[in-house]
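These numbers come from the heavy atoms of this one structure, side chains and all, not from hydrogens, waters or symmetry mates. What you see is a predicted model; the values in this text were computed from it and never measured.
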Amino acid sequence: MSIDRLFPCVRVQAGGRGAAFVPADLLAIGISMPSSTCDHEVDPFRALAEGARQQVYRELAETGPIHRIVRPVGRPGWFVTGYAEARALLADPRVVKPGPQGGAFADRMPPEISRGVYTHMLMLNPPDHTRLRRLVGGVFTRRRVEGLAPRIRDVAEELLAPRGGDEVVDLIPAFAYPLPMRVISALLGVPPSAETEFQGRTKSLVSPAIAGYDAYLDDARSLLGFLHELIEEKRQNPGDDLFSDLIAARDGGDRLSEDELTGMAYLLVLAGHETTVNLIANGMLALLTHPDQLSLLRAEPERIDAVIEELLRYDGPVQTTLLAVASEPIQVGDVTIQTGDPIFIVLIAANRDPDRFPDPDRLDIRREPAGHLAFGHGIHHCVGAPLARLEARIAIGMLVERFPSLELARPAEDLFRTPSVLMHGLESLPLRFGRPVAG
């Protein structure tokens with residue numbers, strides 16, 4: 001099926017001067033749109049050739065930091081590409097989430113299904129968000145995350161053991177995809193015998209517009225059934241895992257509801273898995289296309305933490321934030337965002353804002369590792385960011401150290417991005433690993 005058939009069009013008024021046509025994977029950000037065909041110039045969501053998406057955003061950002069969206073139906077909204085404006089709006093209490101009813105297909109799904117997958121922190125506002133974050137934060141601690149390091153290393157070792165030589169291997173299905181999924185399975189306490197079944201029920205959930213309503217609903221219903229059974233098992237036989245601790249978590253007399261438990265698991269799958277897949281793949285592509293930076297990392301492996309931060313800034317895993325709306329008028333420069341207007345923060349554009357990052361289109365692993373918005377900002381800053389950083393640190397560090405001849409098997413300009421509004425990932429990353437160094 002063509003990309004034009006998958007994504008309806010919206011018109012982005014670039015800085016108020018002219019307009020670019022963009023299709024919207026709006027189902028992924030909670031807006032239902034009729035199908036139509038886009039036969040206009042390339043836009044960021046369909047900009048699939050490597051580098052094209054960033055180029056579109058670069059040209060858009062040159063016209064200003066905020067851009068009006070005019071959609072075929074429904075209320076106009078805003079794209080925010082400027083760093084200062086994005087950071088301010090991410091922390092602005094007048095920018096609110098739509099609640100569980102704002103999730104993909106929520107208006108069509110049975111209520112018990114939409115509540116079960118969308119009752120999570122990214123969809124909620126204070127005080128519900130505050131309560132949920134406090135309960136989850138009490139058990140999803142930095143200590144627990146760091147304790148996963150041996151498991152992450154073991155999985156990475158297992159996945160990389162057969163690699164080497166001149167064989168062309170796609171890094172995404174061979175390594176970047178299974179690594180975080182197996183870590184999430186371990187984190188939730190999914191039995192090893194059920195990992196394959198669990199993983200098979202999650203694939204469509206990260207790409208609702210591509211999967212379509214029927215497939216998405218089937219997988220959401222199936223995943224919820226699996227999670228309800230897992231919750232019951234953990235209640236009867238708690239283990240040393242996050243799900244068992246979430247079930248037992250209390251704040252005074254408060255505890256997580258069944259929908260909140262399943263919603264947290266869904267959030268881990270959606271945000272915790274796909275984000276890390278893209279971080280690993282995007283990061284390796286950036287390093288392999290900047291051999292001077294790759295050589296510097298190999299010479300100074302202790303830089304790996306700073307390297308991950310620069311990779312997050314340079315080519316982050318998330319394109320835009322989930323849908324938010326203005327609860328009252330908000331003035332942004334000479335623009336007034338009206339009450340009820342949809343707002344989308346373009347994270348990968350804000351992280352290339354030259355007013356915040358000098359020479360932003362240059363990968364520089366010696367850059368001061370602070371301030372990017374790859375994991376958001378404010379109360380909705382990604383709760384799983386420490387886990388994603390840890391997985392990327394181990395995965396990228398191991399690839400760089402173990403395979404000194406690692407190289408692209410196809411020119412970067414021949415690679416393609418996946419069509420999406422929400423995520424920013426590669427369709428494939430074919431590599432030749434070369435002879436490994438003994439670990």
- [ ] Starting from the C-alpha separation in whole Å, work towards a yes-or-no answer on side chain to side chain contact (heavy atoms under 4.5 Å, CB included) for L431 and E407.
- [x] CA-CA 6 Å; L431 303 178; E407 64 180 9; over 6 Å; no
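- For residues 382-398, every residue pair satisfying the salt bridge (charged side-chain N to carboxylate O under 4.0 Å, His left out) rule, not counting sequence neighbours, is listed here: E146-R393, D305-R393, E309-R389.
- Remark: D240 CG is loosely packed, at most 12 non-hydrogen atoms of other residues, nucleotides or ligands lying under 6.0 Å away.
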Task: Test log, rule side chain to side chain contact (heavy atoms under 4.5 Å, CB included), inputs R221 and D218 - done: CA-CA 5 Å; R221 180 182 283 119; D218 286 347; 4.2 Å; yes
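- Looking at heavy atoms from C-beta onward, I343 lies out of side-chain contact with F79 at the 4.5 angstrom threshold.
- Looking at residues two or more places apart in sequence or on another chain, you find a salt bridge (Lys or Arg N to Asp or Glu O under 4.0 Å) between D92 and R94.
- Partners of N125 according to the side chain to side chain contact (heavy atoms under 4.5 Å, CB included) rule, which considers only residues two or more places apart in sequence or in another chain, are V96, K97.
- Ion pairing between a basic and an acidic side chain is recognised when a charged N comes within 4.0 Å of a carboxylate O; R134 and D254 show no such pairing.
- Between the side chain of R131 and the backbone N or O of R255, at least one donor-acceptor pair lies under 3.5 Å.
- Of the possible donor and acceptor atoms, one in the side chain of T63 sits under 3.5 Å from a partner among the backbone N and O of L60.
- Between the S185 side chain and the M181 main chain, a donor and an acceptor come within less than 3.5 Å of each other.
- With hydrogens and angles ignored, the 3.5 Å screen pairs a side-chain donor or acceptor of E260 with a backbone N or O of S257.
- With sequence neighbours excluded, the residues forming a ring pair (Phe, Tyr, Trp, His ring centres under 6.0 Å) with Y213 are F105, listed by chain and number.
- Judged by distance alone, the side chains of T81 and H67 do bring a donor and an acceptor atom under 3.5 Å apart.
- Once rounded to the nearest 0.5 Å, the distance linking CD of Q55 with CG of D361 reads 8.5 Å.
- Under the 3.5 Å distance criterion, the side-chain polar atoms of Q293 are left unmatched by any main-chain donor or acceptor of L287.
- Between F243 and V190, every side-chain heavy-atom pair lies at or beyond the 4.5 Å cut-off.
- Qualifying side chain to side chain donor-acceptor pair (under 3.5 Å) partners for R115, counting only residues two or more places apart in sequence or in other chains: D259.
- Judged by distance alone, the side chain of R313 and the main-chain N or O of N351 form a donor-acceptor pair under 3.5 Å.
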Task: Step-by-step side chain to side chain contact (heavy atoms under 4.5 Å, CB included) determination, L347 to T320 - done: CA-CA 5 Å; L347 300 175; T320 69; over 6 Å; no
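- In this view, D292 satisfies the side chain to side chain donor-acceptor pair (under 3.5 Å) rule with no residue, not counting sequence neighbours.
- Taking every heavy atom of both residues into account, R53 and T418 meet most closely at NH2-O, 2.9 Å.
- The salt bridge (Lys or Arg N to Asp or Glu O under 4.0 Å) test applied to E401 returns no partner, not counting sequence neighbours.
- Across Y83 and L373, no two heavy atoms sit closer than the pair CE1-CG, 3.6 Å.
- Nearest heavy atom pair, residue L426 against residue I172, reads O-CD1, 3.3 Å.
- Side chain of S244 to main chain of G239: a donor-acceptor pair is present (N/O by atom type, distance under 3.5 Å, no hydrogens or angles).
- For the pair L387/V183, a side-chain contact is recorded, criterion being any heavy-atom separation below 4.5 Å from C-beta on.
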TODO: Apply side chain to side chain contact (heavy atoms under 4.5 Å, CB included) to the pair L256 and L132, showing each step before the final yes or no.
DONE: CA-CA 8 Å; L256 295 171; L132 201 55; 3.1 Å; yes
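- For the pair L242 and L268, the minimum side-chain heavy-atom distance is below 4.5 Å.
- Atoms CZ and CD, on R417 and Q54 in that order, are 7.5 Å from each other to the nearest 0.5 Å.
- R367 places no side-chain N or O within donor-acceptor distance of the main-chain N or O of P360, the cut-off being under 3.5 Å.
- With sequence neighbours excluded, no residue forms a side chain to side chain donor-acceptor pair (under 3.5 Å) with D154.
- Between L429 and L408, the closest side-chain pair of non-hydrogen atoms falls below 4.5 Å.
- Residues passing the side chain to side chain contact (heavy atoms under 4.5 Å, CB included) test with E233 are N237, sequence neighbours excluded.
- In this structure, the side chain of H424 does not engage the main chain of D315 through any donor-acceptor pair within 3.5 Å.
- Under a 3.5 Å cut-off, the side chain of H129 and the backbone N or O of I379 do form a donor-acceptor pair.
- For the pair R352 and Y314, the cation-pi test (distance below 6.0 Å, angle within 45°) is passed.
- Scored by the salt bridge (Lys or Arg N to Asp or Glu O under 4.0 Å) test, R235 finds E258 as partners (sequence neighbours excluded).
- To the nearest 0.5 Å, the span separating CG on L363 from NE2 on H290 amounts to 5.0 Å.
- Listed by chain and number, the residues in a side chain to side chain donor-acceptor pair (under 3.5 Å) with E85 amount to none (sequence neighbours excluded).
- Residues N282 and L311 fail the side-chain proximity criterion, which asks for heavy atoms closer than 4.5 Å.
- When all heavy atoms are compared, the tightest approach of P178 to F175 is CD-O, 3.4 Å.
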Open item on the list: Assess the residue pair D364 and R366 against the criterion (salt bridge (charged side-chain N to carboxylate O under 4.0 Å, His left out)); give the C-alpha distance rounded to whole Å, side-chain angles, the decisive distance to 0.1 Å, and a yes or no.
Closed with: CA-CA 5 Å; D364 180 7; R366 286 176 165 153; over 6 Å; no
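- Taken to the nearest 0.5 Å, the CG atom of L148 stands 13.0 Å off from the CZ atom of R143.
- Counting heavy atoms from C-beta outward, M398 and L160 have side chains that approach closer than 4.5 Å.
- Applying the side chain to side chain contact (heavy atoms under 4.5 Å, CB included) rule to V169 yields the partners R163, E167, A174, F433; only residues at least two apart in sequence or on another chain are considered.
- Taking the charged nitrogens against the carboxylate oxygens, E158 and R182 do have a contact shorter than 4.0 Å, which makes a salt bridge.
- Counting heavy atoms from C-beta outward, F140 and V383 have side chains that approach closer than 4.5 Å.
- The two atoms that bring V168 and P430 nearest to each other are CG1-CB, 3.8 Å, heavy atoms only.
- Contact record, L415 with S428: CD2-O, 4.1 Å, taken as the closest heavy-atom pair.
- Between H273 and Y177, a ring centre-to-centre spacing shorter than 6.0 Å is recorded.
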Task: Q101 and Y118: CA distance, side-chain angles, deciding distance, side chain to side chain donor-acceptor pair (under 3.5 Å) verdict - done: CA-CA 8 Å; Q101 67 273 17; Y118 297 136; over 6 Å; no
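- Taking CG of L122 as the reference point, atom CG of L323 lies at 12.0 Å (rounded to 0.5 Å).
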